[in-house]
Amino acid sequence: MSSRKFFVGGNWKMNGNKNSIDQIVNRLNTHDHGCVEVVVSPPTCYLQYSREKLSNPTGVAAQNCYKVASGAFTGEVR
């Protein structure tokens with residue numbers, strides 16, 4: 001029987017800024033994920049910033065964005 005790995009994903013929608021990302025990244029980088037795969041989905045404009053700050057094994061996923069500054073919105077990245 002194979003060992004099952006849990007998956008935890010955080011979709012930030014269109015919420016956050018560099019300061020809030022830094023706070024989340026600091027927690028993720030200092031926590032042992034053990035047998036859990038952790039992936040975050042920051043707003044598109046912060047994808048590279050997040051990837052550069054996060055240490056492995058935390059993954060970064062892309063998501064759509066929307067025309068407003070913040071909130072639970074998604075749309076198309078063009």
Side-chain touch N17/Y46, heavy atoms, less than 4.5 angstrom
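Touching, per the 4.5 Å side-chain cut-off.
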Any side-chain heavy atom of V39 sitting closer than 4.5 Å to one from V60?
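They are not in side-chain contact.
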Suppose we screen for side-chain contact (heavy atoms from CB on, under 4.5 Å). Which residues come up paired with I24, at least two apart in sequence or across chains?
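So I24 forms a side-chain contact (heavy atoms from CB on, under 4.5 Å) with W12, L28.
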Whether H33 and H31 hold their rings parallel, tilted or perpendicular, with breakpoints at 30° and 60°:
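Ring orientation of H33 relative to H31: tilted.
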Measure across [X] and [Y] and return the closest heavy-atom pair with its distance rounded to 0.1 Å.
X   : Y   : value
I21 : S50 : CG2-OG, 3.8 Å
N29 : K53 : ND2-O, 2.9 Å
E37 : K5  : N-CE, 3.8 Å
G16 : S20 : CA-OG, 3.3 Å
A61 : L47 : O-CD2, 3.5 Å

Under 3.5 Å, side chain of R51 to main-chain N/O of L54, donor-acceptor pair present?
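A pair under 3.5 Å: yes.
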